[in-house]
Amino acid sequence: MVGVASAHGGSLGAESRESLAVPTWLFLATGGGAVGASFLLASFVTDRSFVRSIHAWRRQGTVPARRVVAGLVRAVGVVGLVAVLVVGFTGPSAALGNAAILVVWVGWWAGFTMTTYLVGNWWPVLNPWRTLADRLPSIDRAYPDRLGAWPAVVGLLALIWLEVVSPLADEPRLLAGVIVGYTVLTLAGAVVVGPDTWFRTVDPVARVFRYYGRLAPVRYDASERRLEWRLPGSDLTEARLVDGPDEVAFVVAIVWVTTYDGLVATPLWAGIARPLVDAGLPPAVLYPLALVAGYLAFLGAYRLAARYSRRTADSFRAPALLAERFAPSLLAIAAGYHLAHYLGYFLTLLPAALVVLPTPFSPPATVPVAQLPGWFGGLNMAFVLLGHLLAVWVAHATAFDLFPGRLQAIRSQYPFVLVMVAYTMVSLWIVSQPSIQPPYI
């Protein structure tokens with residue numbers, strides 16, 4: 001329980017990344033081949049009735065003292081927000097000794113986010129900004145339909161850029177200041193367009209958790225006031241889950257931002273960034289330029305797959321519709337990579353959080369961190385593969401729901417499987433690389 005760990009929300013320590021004992025090309029080809037083989041297996045050994053039975057499985061249960069539990073969770077969210085601000089502004093300056101840093105990065109962005117796709121999404125109840133917004137007067141101005149989810153796309157990219165280029169995980173006062181700014185913007189937006197519209201459409205954090213929650217096995221049915229258990233990923237085949245090119249763009253953004261967060265901490269990025277900066281490109285321009293360029297590449301590849309899917313399936317369905325229906329399968333990829341990216345980080349710094357939280361203003365002189373075993377890096381690679389395999393299954397079930405013919409449904413998946421194989425190889429390569437401090441930051 002001793003060692004040194006950086007409380008950075010977007011990087012993993014060297015303990016969780018292992019040097020490969022096999023050639024990199026063979027390792028990546030094996031991962032991509034596993035995704036392709038899973039597609040072939042699903043195509044050959046499943047039929048519509050089997051797929052339908054898997055996705056139709058449901059169990060229901062009641063929520064005891066629902067209102068009391070919801071009230072307590074909301075209170076915890078508001079108290080937690082206030083505590084983070086107070087400790088962030090007035091607590092210790094050391095990152096590992098400041099409870100605000102540990103709560104935000106270890107407890108919330110790593111730990112809580114993992115629960116949204118592994119268990120269920122309870123952010124709508126815990127969300128302190130939603131609790132505060134519900135108690136403020138609302139102007140309820142009409143939200144322009146043409147904007148759709150595009151503000152959320154821009155907001156998500158901006159948040160990840162800020163997390164990467166600024167010392168938010170090292171300077172508690174800066175983190176608290178950013179949270180104050182986010183609070184002001186969020187509450188002002190909720191007052192103008194109404195809390196329901198803001199948190200359903202505009203707020204990027206709420207949208208990320210809502211999409212991740214559709215991957216989870218537990219869901220709260222508000223109409224029946226019951227908990228519902230189903231198999232992971234079963235809800236991702238819902239027809240209107242992603243509705244419009246703006247929501248497709250947001251789903252791709254979820255996949256890309258986690259990839260970008262890991263990419264900038266690899267030696268390859270350092271080898272690219274240093275010559276560009278030496279040639280005269282300012283680092284302040286390089287990082288957002290890479291963020292936007294990579295995102296456009298990911299989005300372009302997916303849209304191209306949707307266009308070719310229409311051809312391979314010999315279908316009259318519009319490419320935009322195919323892009324919307326197959327987009328939810330990418331959420332499984334994002335969740336698998338998030339788990340690989342953050343589980344080791346969470347376990348490493350969990351002892352520090354447990355020691356610092358009871359006495360946030362007087363932490364111990366030595367903060368313990370966990371030393372993960374060498375084999376843990378293999379788990380990260382397994383999480384990436386499992387996410388992609390689930391994505392292949394969701395795409396397979398979606399194709400059977402979209403197309404009447406078996407061969408047509410299988411052929412429609414060819415371009416999307418190729419994109420998933422490419423995403424798999426990129427993700428596996430990143431988690432296999434040693435983690436370094438991004439240059440010029």
Side-chain angles (χ1 to χ4, degrees), residues 121 123-124 127 129-130 132-134 136-162 181-214 222 235-258 260 288-289 291-310 315-331 334 398 402 416 419:
N121 178 27
W123 180 245
N127 186 351
W129 295 283
R130 179 60 192 259
L132 296 174
D134 285 339
L136 295 175
S138 178
I139 302 175
D140 277 332
R141 294 190 60 180
Y143 180 75
D145 291 337
R146 67 180 182 277
L147 294 180
W150 291 113
V153 174
V154 175
L156 180 61
L157 294 176
L159 286 174
I160 295 302
W161 168 78
L162 183 64
Y182 177 82
T183 300
V184 172
L185 176 64
T186 299
L187 295 182
V191 167
V192 173
V193 301
D196 290 340
T197 301
W198 180 266
F199 291 103
R200 183 182 65 251
T201 306
V202 183
D203 183 54
V205 175
R207 186 179 282 271
V208 167
F209 288 144
R210 184 168 70 251
Y211 280 149
Y212 273 156
R214 302 307 290 268
D235 277 1
L236 294 182
T237 56
E238 188 175 305
R240 302 298 295 273
L241 177 58
V242 174
D243 191 11
D246 53 332
E247 297 192 6
V248 171
F250 189 85
V251 171
V252 175
I254 296 177
V255 178
W256 165 243
V257 293
T258 309
Y260 173 79
L289 181 63
L291 176 67
V292 174
Y295 170 65
L296 293 178
F298 266 50
L299 182 60
Y302 181 75
R303 287 182 171 175
L304 187 64
R307 185 178 303 175
Y308 276 95
S309 175
R310 183 187 185 187
S315 170
F316 291 104
R317 295 185 180 273
L321 174 63
L322 298 179
E324 293 169 12
R325 289 302 307 272
F326 283 100
S329 63
L330 299 181
L331 295 172
T398 300
L402 269 174
F416 292 110
V419 170

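If you read the sequence from its start, that first residue is 1, and numbering goes on from there. These values consider heavy atoms only, across backbone and side chains, with no hydrogens, waters or symmetry-generated copies.
- Partners of Tyr308 by side-chain contact (heavy atoms from CB on, under 4.5 Å), not counting sequence neighbours, listed by chain and number: Leu304, Arg311, Pro415.
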Show the atom names and distances, to 0.1 Å, of all donor-acceptor pairs under 3.5 Å that link a side chain in residues 155-162 to residues at least two apart or in another chain.
none

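- Annotation: Arg307, atom CZ; neighbour count of heavy atoms from other residues, nucleotides and ligands within 6.0 Å does not exceed 12.
- Using a 4.5 Å heavy-atom cutoff, the side chains of Arg317 and Ser309 are not in contact.
- Scanning for side-chain hydrogen bond (donor to acceptor under 3.5 Å, both in side chains) contacts around Asp203 gives Tyr182, with sequence neighbours left out.
- With sequence neighbours excluded, no residue satisfies side-chain hydrogen bond (donor to acceptor under 3.5 Å, both in side chains) with Arg146.
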Evaluate Trp129 against Thr183 for side-chain contact (heavy atoms from CB on, under 4.5 Å), listing each step before the verdict.
CA-CA 7 Å; Trp129 295 283; Thr183 300; 2.8 Å; yes
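- At a threshold of 4.5 Å between non-hydrogen side-chain atoms, the residues Val153 and Tyr295 count as touching.
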Trace of the side-chain contact (heavy atoms from CB on, under 4.5 Å) decision for Trp123 with Val205:
CA-CA 9 Å; Trp123 180 245; Val205 175; 4.1 Å; yes
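- Partners of Arg130 according to the salt bridge (charged side-chain N to carboxylate O under 4.0 Å, His left out) rule, which considers only residues two or more places apart in sequence or in another chain, are Asp134, Asp196.
- Nearest heavy-atom pair across Asn121 and Gly213 is CB-CA, 3.6 Å.
- Partners of Pro151 according to the side-chain contact (heavy atoms from CB on, under 4.5 Å) rule, which considers only residues two or more places apart in sequence or in another chain, are Tyr143, Leu147, Val202.
- Here the closest heavy-atom approach between residue Ala190 and residue Ala133 is recorded as CB-CB, 3.7 Å.
- Considering only residues two or more places apart in sequence or on other chains, Asp235 meets the salt bridge (charged side-chain N to carboxylate O under 4.0 Å, His left out) condition with Arg58, Arg214, Arg219, Arg230.
- Of all heavy-atom pairs between Ala334 and Val255, the closest is CB-CG2, 4.0 Å.
- Closest approach of Pro319 and Ala306 over heavy atoms only: O-CB, 3.6 Å.
- Contacts of Asp140 classified as salt bridge (charged side-chain N to carboxylate O under 4.0 Å, His left out), with partners at least two apart in sequence or in another chain: none.
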Output a table of donor-acceptor pairs, distance under 3.5 Å, between side-chain atoms of residues 320-331 and any protein atom two or more places apart or on a different chain; print 'none' if there are none.
{"unit_1": "Glu324", "atom_1": "OE2", "unit_2": "Gly244", "atom_2": "N", "d": "3.2"}
{"unit_1": "Arg325", "atom_1": "NH2", "unit_2": "Thr237", "atom_2": "O", "d": "3.2"}
{"unit_1": "Arg325", "atom_1": "NH2", "unit_2": "Asp401", "atom_2": "OD2", "d": "2.8"}
{"unit_1": "Ser329", "atom_1": "OG", "unit_2": "Phe326", "atom_2": "O", "d": "2.5"}

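- With sequence neighbours left out, Tyr211 forms a side-chain hydrogen bond (donor to acceptor under 3.5 Å, both in side chains) with Arg207, Glu247.
- Every residue two or more places apart in sequence or in another chain was checked for a salt bridge (charged side-chain N to carboxylate O under 4.0 Å, His left out) with Arg210, and none qualifies.
- For Trp256, the ring-ring contact (aromatic ring centres under 6.0 Å, His included) partners at least two apart in sequence or on another chain are Tyr260, Phe298.
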